[in-house]
**Q** 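Have a look at the structure that comes next, please.
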Amino acid sequence: MRRVVVIGGGITGLAAAYALDAAVRRGEVDEAVLLEAGPRLGGKILTERIDGFLIEGGPDSFITLKPHAVRFARELGLTDRLVGTLEPRGVFIRHAGRLFPLPDGLTGLIPQRLGPFVRSPLFSLTEKARFALEPFIAPLRNGTDESIGGFVRRRLGQAAVDRLAAPLLAGIHAGDIDRLSLLATFPQLAEAERRYGSLVRAVLARPRSGSPGNGTQQSDLPTSMFMTLRGGLEELVHAAAASVHTVRLRTITPVAAITHAGGAYLVRLVNGEQLQAGAVIVSVPA
C-alpha cells in the first residue's frame, strides 16, 4: 500500500503535500491525499485586507535564523515577494523600569560589533565580562537536550537570559524560557556549540568559512532577522497549494480515528468514509 494520508492542512501539512507531490511524480508513492477539517487551508496563517489594511490574524513573519521558511518561499517562486523589516528599526529591552536600545550589531545572542555593546547601558561591566568568558566555557558534547534558558545561562550568564533570551528568543514562542526545548526551537545554537565549542567562535568563523553552521551558504542568508511576503504570509499558503498537482487537497474533511492492522493504516472520516494508507502524516495541533 503506497498511499500516504496527510491529516491537517496548515503550513506543515502543505509542506508535506509539496514533498509528496514530488514523490508521486518520481513514482516513489502511488497516491497521496491531504485532509483538512476546516473550510480553508493554512491553519494558523490567516491574512485579511480590511479597510485598505493588510491584517495578519496569526503569525506576521518568520525568523530567518531558521532558514527553512525562506528556502520554501524561494522554491515556490516567491523570492521577489520576500520583504524584510523596514529600516530604521529600533528594538528596545525593558529593564529596571526603563527602555534600553538593543546594542547595534547584536545578532541573536552574540555581539558582532564590540563598540556598541561595550558602550551599552543594558548590561553592567560585570555582566559584559561574563559575556567575554563565553569562549572558555566547556561545551556539552553528549547530545542531550536542555531548555533555552539553561543553555544561555550556562554559556552567557543570567543577565543574557533575562535581557536577551527571554524577550528575544522565548518571546517568539510566547513561552517560558526554562521550559522551551533548545533542540525544538533553536537547534542552530546547539549545533554552533557542538561544531565550534563556543558561540563566539561560531560567529567569528562565519566570514572565514562562509557558513553559519547550519548548512546555509553565507551569500544566501537574508539580511533581515524577520521576513514576510508582500501580500502577507497567506501568499505562502496559496503558492504551496497551487504547486501541488498530484496530491488531493480536501477541506471540510475531519478525521474521526486512525487504526493500524495488517501492516496498513485505516483512516476513518467523520462522514463514515475510510481510507487505507501505508503511511500517515499527522500535522494537527498538539
Side-chain angles (χ1 to χ4, degrees), residues 1-49 54 56-64 66-83 215-217 220 222 227-260 263-286:
M1 171 58 64
R2 298 206 306 170
R3 174 193 284 157
V4 180
V5 173
V6 180
I7 302 174
I11 195 61
T12 304
L14 285 169
Y18 176 81
L20 285 168
D21 183 68
V24 171
R25 285 185 275 108
R26 290 193 300 265
E28 298 168 355
V29 173
D30 291 336
E31 181 186 353
V33 59
L34 180 146
L35 308 174
E36 164 58 40
R40 55 176 289 276
L41 299 171
K44 302 295 184 185
I45 297 177
L46 172 65
T47 304
E48 297 182 303
R49 291 190 177 275
L54 188 148
E56 295 284 18
D60 60 7
S61 59
F62 42 81
I63 187 167
T64 58
K66 302 178 180 181
H68 310 92
V70 174
R71 290 176 182 165
F72 192 34
R74 287 173 175 168
E75 280 191 41
L76 294 171
L78 297 174
T79 300
D80 294 339
R81 304 291 296 169
L82 287 167
V83 291
T216 303
Q217 293 302 311
D220 292 338
M227 298 194 81
T228 187
L229 295 155
R230 295 185 187 279
L233 281 187
E234 206 163 23
E235 276 196 54
L236 191 67
V237 173
H238 296 322
S243 70
V244 173
H245 303 292
T246 65
V247 180
R248 295 174 61 201
L249 305 177
R250 299 177 57 180
T251 56
I252 319 179
T253 312
V255 172
I258 308 170
T259 56
H260 185 258
Y265 293 94
L266 192 65
V267 179
R268 182 164 55 85
L269 309 184
V270 169
N271 64 10
E273 183 182 351
Q274 298 187 28
L275 299 175
Q276 195 174 27
V280 178
I281 298 174
V282 182
S283 57
V284 300

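Heavy-atom basis, side chains included; hydrogens, waters and symmetry copies ignored. This structure is a prediction, so every number in the text was calculated from the model and none was measured.
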**Q** Identify the two heavy atoms, one from Ala15 and one from Phe72, that lie closest to each other, and give their separation to 0.1 Å.
**A** CA-CZ, 4.0 Å
**Q** First locate atom CG of Leu14, then atom CG of Leu20, and finally report the distance between them rounded to the nearest 0.5 Å.
**A** 11.5 Å
**Q** Just verifying a value: how many Å separate Thr64 OG1 and Met227 CE, rounded to the nearest 0.5 Å?
**A** 7.0 Å
**Q** What closest approach, in Å, do Pro59 and Leu233 show between heavy atoms, and which atom pair accounts for it?
**A** O-CD1, 3.3 Å
**Q** Taking all non-hydrogen atoms of both residues into account, name the closest pair between Gly232 and Thr228 and its distance.
**A** C-OG1, 4.3 Å
**Q** Output all residues satisfying side chain to side chain donor-acceptor pair (under 3.5 Å) with Thr47, sequence neighbours left out; order by chain, then residue number.
**A** Glu56
**Q** Judged by atom type as modelled, is there a donor-acceptor pair below 3.5 Å linking the side chain of Thr253 to the main-chain atoms of Thr251?
**A** yes
**Q** Using a 4.5 Å cut-off on heavy atoms from C-beta on, say whether the side chain of Leu229 contacts that of Leu82.
**A** yes
**Q** Taking Glu28's backbone N and O only, do any of them form a donor-acceptor pair with Arg2's side chain (distance below 3.5 Å, no angle check)?
**A** yes
**Q** Give a yes or no answer on whether the side chain of Ser283 reaches the backbone of Gly8 with a donor-acceptor pair at less than 3.5 Å.
**A** yes
**Q** Nearest 0.5 Å, what's the CG-CZ distance between Asp80 and Arg230?
**A** 8.0 Å
**Q** So, using side chain to side chain donor-acceptor pair (under 3.5 Å) as the criterion, who are the partners of Glu75 when residues are at least two apart?
**A** Tyr18
**Q** Under 3.5 Å, sequence neighbours excluded: what are the donor-acceptor pairs made by side chains of residues 34-43?
**A**
residue: Glu36; atom: OE1; partner: Gly9; partner atom: N; Å: 2.7
residue: Glu36; atom: OE2; partner: Gly38; partner atom: N; Å: 2.8
residue: Arg40; atom: NH1; partner: Gly43; partner atom: O; Å: 3.1
residue: Arg40; atom: NH2; partner: Ile45; partner atom: O; Å: 2.4
residue: Arg40; atom: NH2; partner: Glu234; partner atom: OE2; Å: 3.0

**Q** Would you mind listing every salt bridge (charged side-chain N to carboxylate O under 4.0 Å, His left out) that reaches into residues 235-247, with sequence neighbours excluded?
**A** Arg81-Glu235
**Q** I need the Ile258 CD1 to Leu275 CG distance, nearest 0.5 Å.
**A** 11.0 Å
**Q** Suppose the criterion is side chain to side chain donor-acceptor pair (under 3.5 Å): which pairs have a residue in residues 265-274, not counting sequence neighbours?
**A** Arg250-Glu273
**Q** Using side chain to side chain donor-acceptor pair (under 3.5 Å) as the criterion, list what pairs up with Arg25, not counting sequence neighbours.
**A** Asp21
**Q** Between Arg49 (side chain only) and Gly231 (backbone N and O only), is there a donor and an acceptor less than 3.5 Å apart?
**A** no
**Q** Can you see which heavy atom on Ala264 is nearest to which on Gln276, and at what distance?
**A** CB-NE2, 3.8 Å
